[in-house]
Amino acid sequence: MSQKPSLPKGTRDFTPKVVFQRNYIIQTIQKVFQKYGFDPIETPALENLSVLTGKYGDEGDQLLFKVLNSGDFLNKTAPEDYAAGSAHLTGKISEKGLRYDLTVPFARFVAMNRNEINFPFKRYQIQPVWRADRPQKGRYREFYQCDADVVGTHSLLCEAELIAMAQEVYDGLSFRDYQVSLSNRKILEGIALACGASDQFNAFCVTLDKIDKIGRERVFEELIKIGLKESDLQTLSDILHIEGDHHDKLNQLRPFVMDSTQGKVGIEEVENTLNYLKSLDVSTEKIVLDFTLARGLTYYTGIIYEIKPTTLQMGTITAGGRYDNLTGVFGLPDVSGVGISFGIDRIYDTLNELNLFPKQLKVENHVLITNFDATTENHALHVLSVLRNEGITAELYPEAAKLKKQLSFAHRKNIPYVLMVGTEEMKSKEYSLKHMETGEQQRLSVDQLVKLLLAMN
RNA sequence: GUGGUUGUAGUUCAGUUGGUUAGAACGCCUGAUUGUGGUUCAGGAGGUCGCCGGUUCGAGUCCGGUCUUCCACCCCA
C-alpha cells in the first residue's frame with residue numbers, strides 16, 4: 001500500500017544546490033541590511049485572521065490562506081451559518097491565517113511591542129509568506145520576502161537609504177540589468193486632481209499602473225469608462241509626455257499639480273530623496289521617475305518604488321514605499337514607516353536565467369576521507385577528529401567501499417579534496433591528498449595537511 | 001476566482017487514422033580498472049503513459065471528471 005507523493009500547488013522542494021544558491025542571495029541581502037544598521041526580528045507564520053483581514057483590499061482577503069480551527073471546528077456553527085455563504089462561514093470555523101506579507105505582521109509587532117522598541121526602529125525580516133494566488137512563472141503560493149523597514153520617523157533619508165541598499169544588494173549579486181522606478185502617491189493624487197479623477201483615485205491608479213502592459217490607448221479607453229473627459233485625457237497625455245533628467249521631469253510636472261498641496265509635497269519629497277542619494281554618493285543612473293507607477297497595496301502614502309529586470313520577462317523583484325499610518329489600526333497612531341521588500345524567489349529565477357550564480361558556493365577546504373576497511377576506518381577517525389578540531393569541513397565516507405565509488409561521491413558532492421587513508425598511509429602517517437579539480441595528489445603529514453587546508457579557506 | 005493550456009523512464013522529449021511486447025537522448029547502476037572521480041568503451045536496470053471513470057473487440061491515443069504545469073485576466077515578490 002503506497003501513496004503517490006505530492007506537493008501542494010505552488011510550493012516547492014529545494015535541493016542542496018538550490019539552497020546554497022538561495023542562501024547566497026539571502027546572505028548578500030542580510031549583510032547589506034546589517035551594514036545599514038537594521039536588526040532582525042521574526043514573527044509567527046500564523047496570525048490571527050483579525051490582524052490580516054481588511055489590510056490588503058478585497059482581493060487580498062481572498063488570497064489569504066485560512067487555517068481551520070482545531071478540534072470540532074463546527075461547534076460554533078449553526079445551519080443558518082452554512083446557508084449564509086462561505087464568507088460568513090469562514091469567520092465561524094477559522095480564526096487564524098498564514099501571513100500574506102511581512103509588513104502587516106510587522107505593524108502588529110510594533111503596536112504590541114511599542115514599549116520595548118527603540119524608535120526610530122530599523123528592522124529586517126526574512127521569512128516565507130503565503131498567498132492563495134494561482135501560480136505562474138515567478139509566482140508561487142509559498143515564497144520568501146526579505147523586508148527592511150524603518151518606523152518612527154518621516155525622514156526621507158530612510159527612503160534614500162533603502163534605495164541605496166537595494167542597489168548595493170544587486171551590486172553584491174553582480175546583477176546590473178535592472179531599473180528602479182520611483183514615484184510618490186502624493187504626486188498621483190496631484191495628477192488625479194488635475195485629471196478630474198480625485199473621486200476615483202484608486203481606480204485611476206490601478207488603471208494607470210497598467211500602462212506598461214496594455215499601452216496608452218487601452219488605458220485611456222478604461223479611464224473614459226471610469227468617467228474621465230477628453231480634456232482630462234489631454235492633460236494626462238501631456239504629463240505622460242514629460243521627458244528629461246530627474247529635475248527636468250519634476251520641474252515640468254510642477255505646473256500640472258499646482259492646485260494640489262499633496263502633489264507639490266510629493267514632488268518635493270522625490271527631489272529631497274534624490275538629493276539624499278547624491279549626498280550619499282549613490283548613483284541615480286538606474287532610477288527612472290515614473291509617474292504612472294502606482295503600486296497596488298492600499299497602505300502606501302508617500303514615496304513608492306519598484307525594481308524590475310530589464311533584459312528578461314520577470315515581475316517586480318523588489319518593491320516598497322512609505323506608509324503613514326499602518327499601526328493606526330492596531331491602536332498606535334501617528335507612526336510613519338517606510339520599507340522595502342526583496343522577493344528571493346524571483347531574484348533566484350532572474351539570476352538563474354541569466355547564469356549569474358557563482359560556480360562554487362561551498363566551503364573551499366572540504367575534505368572527504370576514504371574508508372577501506374575497519375582498521376583504516378579507525379585510524380581515519382582520528383585524522384577526521386583533528387581536522388574538525390581545526391575547523392576544517394571534513395567527513396569520512398561512512399562505510400568501506402571501492403575507491404572509485406568514494407571518489408565519484410566526492411565529485412558529485414562537489415567536495416574539492418579527498419584524503420586517502422589506507423594501510424600504507426597508516427604506517428607512514430603520511431596521507432595522500434587528492435585535489436579533485438586538478439587531479440594532483442601529494443603525501444602529507446597531519447600537520448602539513450592542516451596547514452595546507454587552513455590556507456585554502 | 002474566470003478563461004485557456006500541459007502531463008509518457010530520474011530529466012528533456014518522440015510515439016502514425018485507436019491495433020502485438022511504449023522508444024530516444026542524457027542521467028543512473030555494473031564492468032573494462034579489487035587504491036583513483038570527471039573522458040571513453042561494453043553491458044544492465046528503470047514506465048499502473050498524472051489520477052478516477054466512460055466509449056470500444058481493443059485506449060498512451062477518443063470522451064467526462066479531477067489533480068498538476070504553464071499562460072492570459074485579476075492582483076502581486
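The structure presented is a predicted model; accordingly, all values stated were derived computationally and were not measured. Residue numbers begin at 1 in each chain, while the letters A, B, ... track the order of the sequences.
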Identify whether NZ of Lys or CZ of Arg in A:Lys122 sits under 6.0 Å from the centre of the six-membered ring of A:Tyr36 and within 45° of that ring's axis. no
Return the value, rounded to whole Å, for the distance between atom CD of A:Gln406 and atom P of B:G38. 15 Å
Heavy-atom count around A:Glu437 CD within 6.0 Å, excluding the residue itself: above 12? no
Find the distance A:Ile304:CD1 to B:A77:C1' and express it as a whole number of Å. 16 Å
May I ask you to check whether over 12 heavy atoms, not counting those of A:Gln441, lie within 6.0 Å of atom CD? yes
Taken to the nearest whole Å, CD/A:Gln136 to P/B:C76 is 14 Å
Taking atom types as they are modelled, would you say the side chain of A:Arg134 forms a donor-acceptor pair with the base of B:C75 within the 3.5 Å cutoff? no
Do A:Asp147 and A:Gln125 have side-chain N/O donor and acceptor atoms under 3.5 Å apart? no
Determine, for A:Glu269 against A:Arg322, whether the closest basic-nitrogen to carboxylate-oxygen distance falls under 4.0 angstrom. no
Between P of B:C75 and CG of A:Asp209, the distance in whole Å: 9 Å
Touch check for A:Lys213, heavy atoms < 4.0 angstrom, all strands: base, sugar-phosphate only, or nothing? base
So does A:Lys402 reach the base of B:U34 with its side chain, donor to acceptor, closer than 3.5 Å? no
Atom-pair distance (OH on A:Tyr431; P on B:G35), nearest Å: 19 Å
What nucleic acid atoms does A:Thr11 come within less than 4.0 Å of, heavy atoms only: base, sugar-phosphate, or nothing? nothing
Between A:Leu7 and A:Glu222, which residue's closest nucleotide on RNA chain B lies nearer the 5′ terminus? A:Leu7
Distance test, side-chain N/O of A:Lys210 to OP1/OP2 of B:C74, below 4.0 Å: yes
Is A:Arg412 near enough to B:C28 that one of its side-chain N or O atoms lies under 4.0 angstrom from OP1 or OP2? yes
Pairwise distance OH(A:Tyr178) to CD1(A:Ile347) - rounded to 0.5 angstrom: 11.0 Å
At under 4.0 Å between heavy atoms, what does A:Gly315 touch on the DNA or RNA strands: base, sugar-phosphate, or nothing? nothing
Using the C1' atom as the point on both nucleotides, what is the distance between B:U39 and B:G46, in whole Å? 25 Å
Taken to the nearest whole Å, CG/A:Asp147 to C1'/B:C76 is 14 Å
NA contact type, A:Tyr144, heavy-atom cut-off 4.0 Å: base, sugar-phosphate, or nothing? nothing
B:C71 to B:C29 separation - C1' atoms, rounded to the nearest Å: 40 Å
Side chain of A:Gln441, base of B:U36: donor and acceptor closer than 3.5 Å? yes
Answer with yes or no whether A:Glu437 presents, from its side chain, a donor or acceptor under 3.5 Å of a partner atom in the base of B:G37. no
Identify the heavy atoms of A:Cys146 and A:Phe33 that sit nearest to each other, and give their distance. O-CZ, 4.1 Å
With rounding to the closest Å, how many angstrom separate the C1' atoms on B:A24 and B:C49? 16 Å
Base-pair string, RNA chain B, Watson-Crick plus G-U, cut-off 3.5 Å on both distances, | for inter-strand, is ((((..(..((((.....[...)))).(((((.......))))).....(((((..]....))))))..))))....
Determine, stepwise, if the pair A:His379 / A:Phe372 fulfils ring pair (Phe, Tyr, Trp, His ring centres under 6.0 Å). CA-CA 11 Å; A:His379 189 92; A:Phe372 294 123; over 10 Å; no
Using a 4.0 Å heavy-atom cut-off across all strands, classify A:Gly57 as base, sugar-phosphate, or nothing. nothing
What integer number of Å spans the C1' atoms of B:U8 and B:A42? 29 Å
When rounded to the nearest Å, what value does the distance between C1' atoms of B:G1 and B:C63 take? 27 Å
Any base atoms under 4.0 Å from A:Gly10, or only sugar-phosphate, or nothing? Heavy atoms, all strands. sugar-phosphate
Length of the line joining A:Leu63:CG and B:C73:P, which is rounded to integer Å: 16 Å
Could you label the plane-to-plane angle of the A:Tyr299 and A:Tyr323 rings as parallel, tilted or perpendicular, counting under 30° as parallel and over 60° as perpendicular? perpendicular
When rounded to the nearest Å, what value does the distance between P atoms of B:U6 and B:A72 take? 16 Å
Say we look at B:U17 and B:C75: how far apart would their C1' atoms be, to the nearest angstrom? 45 Å
Stacking check: are the rings of A:Phe143 and B:A77 less than 5.5 Å apart at their centres and under 30 degrees in tilt? yes
Verify the contact: side-chain N or O of A:Lys404 to OP1 or OP2 of B:U36, cut-off strictly under 4.0 Å; return yes or no. no
Salt bridge flag under 4.0 Å for residues A:Lys55 and A:Asp61: no
Taking only the C1' atom of each, what is the distance from B:G47 to B:G10 in whole angstrom? 12 Å
Categorize A:Gly439 for me: base, sugar-phosphate, or nothing, with a 4.0 angstrom heavy-atom threshold over every strand shown. base
With heavy atoms under 4.0 Å as the rule, sort A:Glu440 into base, sugar-phosphate or nothing. nothing
Toward the 5' end of RNA chain B, which comes first, A:Glu424 or A:Gly60, by nearest nucleotide? A:Glu424
